[in-house]
Engineer: 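Can you keep this structure in mind? I'll have questions shortly.
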Protein chains: 2
Amino acid sequence: MSDLLNRLRGRGWRMTAQRRVVAEVLDGDHMHLTADEVHARAAARLPEISRATVYNTLGELVSLGEVLEVSTDRRAKRYDPNAHRPHQHLVCARCGAIRDVHPAGNPLADLPDAERFGFTISNVEVTYRGICPDCAAA
Amino acid sequence: MSDLLNRLRGRGWRMTAQRRVVAEVLDGDHMHLTADEVHARAAARLPEISRATVYNTLGELVSLGEVLEVSTDRRAKRYDPNAHRPHQHLVCARCGAIRDVHPAGNPLADLPDAERFGFTISNVEVTYRGICPDCAAA
DNA sequence: TGCCCGCCTTGGACCCGGTCCAAGGCGGGC
DNA sequence: GCCCGCCTTGGACCGGGTCCAAGGCGGGCA
């Protein structure tokens, strides 16, 4: 039993085959899957699982803080199971590959008070865009 | 005649009533409008302008570098006429208000070589999220 | 000034990711 | 082992955006 499933159970999550499969798909080493990709992988193990359930479950995992929603493009949202170590994203502009990165310093510190306009800032997202080595070679 | 229209003409843009109106809407002090909002404002001056033309024109302005596409949420793209001074965005998580901000330093410099994975990085987008003073007061 | 080429505009169909809903299923506390 | 109420299902629906074929019109040229 994985840590993730234990944590969820500990939070009073009613365990069902569908939820287990979705959580296990994310808990694997697959990074930044779309909802449809999660659905496809889940369906490989539990063929009758519905799209709606995958969406519901992903939404719950996000609001429980176990998974992050990432929108690096305007296409499908992606789900990032690496929710427990703060990080940013590096995206290939050509093939869409995504890597987690860990910039030095705190980007919040770079925003002067005069540029905060009285906002209470709680979060900073940084997306680095460029060309990955594979696309550069091709 | 605005600078923007002059620049566009100088680049060989065929001038039409529709394009002029879209460019003028963006060139006003209205910031970060959605395509539909641009369409609404344009239609106030040129009632028969179509949605497709607004989308086409916005896309051209973006690829000419005169306007930036901003995706701070997963709803509609927004169009930012402030394309000539580099900046980032501060977004209210509650009401969606967007402000341009100018962080100190260069966020690219914060990404160590070891975290670049061989990518050729060309661009960094930073989105600060928080609560604006109006929403905090309410 | 007037013609004509070819770029521009139009409305409507279509696409895609995502959300919503009512009905039935089933987890798990007792 | 029962039963309550949460969970799942499939299909309709939504909203932003894109595509397309047909007709309009800008503007270079004579």
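Labels below follow one simple rule: chain letters A, B, ... track the order of the sequence lines, proteins then strands, and each chain is numbered from 1. Only this structure's heavy atoms are used, side chains among them; waters, hydrogens and symmetry mates stay out.
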Engineer: Both B/Tyr79 and B/Ala17 contact DNA chain D. Taking the nearest nucleotide for each, which residue is further toward the 5' end?
Structural biologist: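 On the 5' side of the pair lies B/Tyr79.
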Engineer: Looking only at side-chain atoms of B/Thr16, point me to the closest of C/dT19, D/dG26, D/dG15.
Structural biologist: D/dG26
Engineer: Nearest whole Å is fine: how far is C/dT10 P from B/His39 NE2?
Structural biologist: 8 Å
Engineer: Tell me the partner of C/dC16, counting only Watson-Crick (N1-N3 plus N6-O4 or O6-N4) or G-U wobble (N1-O2 and O6-N3) with both under 3.5 Å; none if nothing fits.
Structural biologist: D/dG15
Engineer: Provide the closest heavy-atom pair for B/His39 versus B/Arg51 in the form atom of the first, atom of the second, distance.
Structural biologist: NE2-N, 3.7 Å
Engineer: If only side-chain N and O atoms of B/Gln18 are considered, is one of them under 4.0 Å from the OP1 or OP2 phosphate oxygen of D/dG24?
Structural biologist: no
Engineer: Among C/dG17, C/dT10, C/dG28, find the nucleotide with the atom closest to the side chain of A/Met15.
Structural biologist: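 Comparing C/dG17, C/dT10, C/dG28 against the side chain of A/Met15, the answer is C/dG28.
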Engineer: I want to verify a distance call: between C/dG18, C/dT9, D/dT8, whose nearest atom is closest to the B/Arg74 side chain?
Structural biologist: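 So the side chain of B/Arg74 is nearest to C/dG18.
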Engineer: Whole angstroms only, please: what is the CZ-P distance between B/Arg19 and D/dC25?
Structural biologist: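 About 15 Å, once rounded to whole Å.
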Engineer: Which heavy atom of A/Leu64 sits nearest a heavy atom of A/Arg11, and at what distance?
Structural biologist: O-NH2, 3.0 Å
Engineer: Is B/Arg75 near enough to D/dG16 that one of its side-chain N or O atoms lies under 4.0 angstrom from OP1 or OP2?
Structural biologist: yes
Engineer: Side chain of B/Glu69, backbone of B/Tyr79: donor and acceptor closer than 3.5 Å?
Structural biologist: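 Pair absent, no side-chain N/O of B/Glu69 close to backbone of B/Tyr79.
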Engineer: Please pick, from D/dG17, C/dG18, D/dT8, the nucleotide with the shortest atom-to-atom distance to any side-chain atom of B/Lys77.
Structural biologist: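 So the nucleotide nearest the side chain must be D/dG17.
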Engineer: Please state how far atom CD1 in B/Ile49 lies from atom P in C/dC8, giving the value in whole angstrom units.
Structural biologist: 14 Å
Engineer: Between A/Leu33 (CG) and C/dG17 (C1'), how many Å, whole number?
Structural biologist: 16 Å
Engineer: Please determine, for C/dG29, whether a Watson-Crick or G-U wobble partner exists with both distances under 3.5 Å, and give it or none.
Structural biologist: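 Across all strands, the one nucleotide that pairs with C/dG29 is D/dC2.
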Engineer: Rounded to the nearest Å, what distance is computed from the CD atom of residue B/Glu69 to the P atom of nucleotide D/dT18?
Structural biologist: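 Nearest whole value for this atom pair: 8 Å.
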Engineer: Donor-acceptor check, side chain of B/Thr53 to backbone of B/Ile49, threshold 3.5 angstrom: yes or no?
Structural biologist: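 Answer holds: no.
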Engineer: Write down the partner of D/dG23 under the Watson-Crick or G-U wobble criteria, each distance required to be under 3.5 Å.
Structural biologist: C/dC8
Engineer: Taking a pair as Watson-Crick or G-U wobble with both distances under 3.5 Å, which nucleotide is matched to D/dA30?
Structural biologist: C/dT1
Engineer: Would you indicate what A/Arg51 reaches in the nucleic acid, counting non-hydrogen atoms under 4.0 angstrom: base, sugar-phosphate, or nothing?
Structural biologist: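 A/Arg51: base contact, heavy atoms under 4.0 Å.
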Engineer: If you only use heavy atoms from C-beta on, which nucleotide in C/dT19, D/dC19, C/dT9 is closest to the side chain of B/Ala52?
Structural biologist: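 The answer is D/dC19, which lies nearest to the side chain.
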Engineer: To the nearest Å, give me how far apart CG (B/Leu61) and P (C/dC8) are.
Structural biologist: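 Taking CG of B/Leu61 and P of C/dC8, I get 12 Å after rounding.
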Engineer: Name the closest nucleotide to the A/Ala76 side chain, picking from D/dT9, C/dT9, C/dG18.
Structural biologist: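 Nearest listed nucleotide: C/dG18.
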Engineer: Base, sugar-phosphate alone, or nothing: which one does A/Thr53 contact when heavy atoms must sit under 4.0 Å apart?
Structural biologist: base
Engineer: For C/dG18, take OP1 and OP2 only and decide whether either is under 4.0 Å from a side-chain N or O of A/Tyr55.
Structural biologist: yes
Engineer: With respect to the side chain of B/Arg14, which nucleotide from C/dC7, D/dG17, D/dT8 is positioned closest?
Structural biologist: C/dC7
Engineer: Mark yes or no for whether B/Glu66, through its side chain, and B/Leu61, through its backbone, hold a donor-acceptor pair below 3.5 Å.
Structural biologist: no
Engineer: Between A/Asp73 (CG) and D/dG16 (P), how many Å, whole number?
Structural biologist: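 Those two atoms, CG and P, are 18 Å apart.
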Engineer: If we count only N and O atoms by modelled type, under 3.5 Å, do the side chains of B/Arg74 and A/Ser71 hold a donor and an acceptor together?
Structural biologist: yes
Engineer: Backbone N or O of A/Arg116 within a donor-acceptor pair of the B/Arg99 side chain at under 3.5 Å?
Structural biologist: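 Looks like no, no N/O pair under 3.5 Å.
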Engineer: Between D/dG5, D/dT9, C/dT10, which one does the side chain of A/Asn56 approach most closely?
Structural biologist: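 In terms of side-chain proximity for A/Asn56, the closest of D/dG5, D/dT9, C/dT10 is D/dT9.
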Engineer: What nucleotide among D/dG17, C/dG17, D/dT8 has an atom nearest to a side-chain atom of A/Asp36?
Structural biologist: C/dG17
Engineer: What is the distance, rounded to the nearest whole Å, between atom CZ of B/Arg20 and atom C1' of D/dG26?
Structural biologist: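 In whole Å, D/dG26 C1' lies 11 Å from B/Arg20 CZ.
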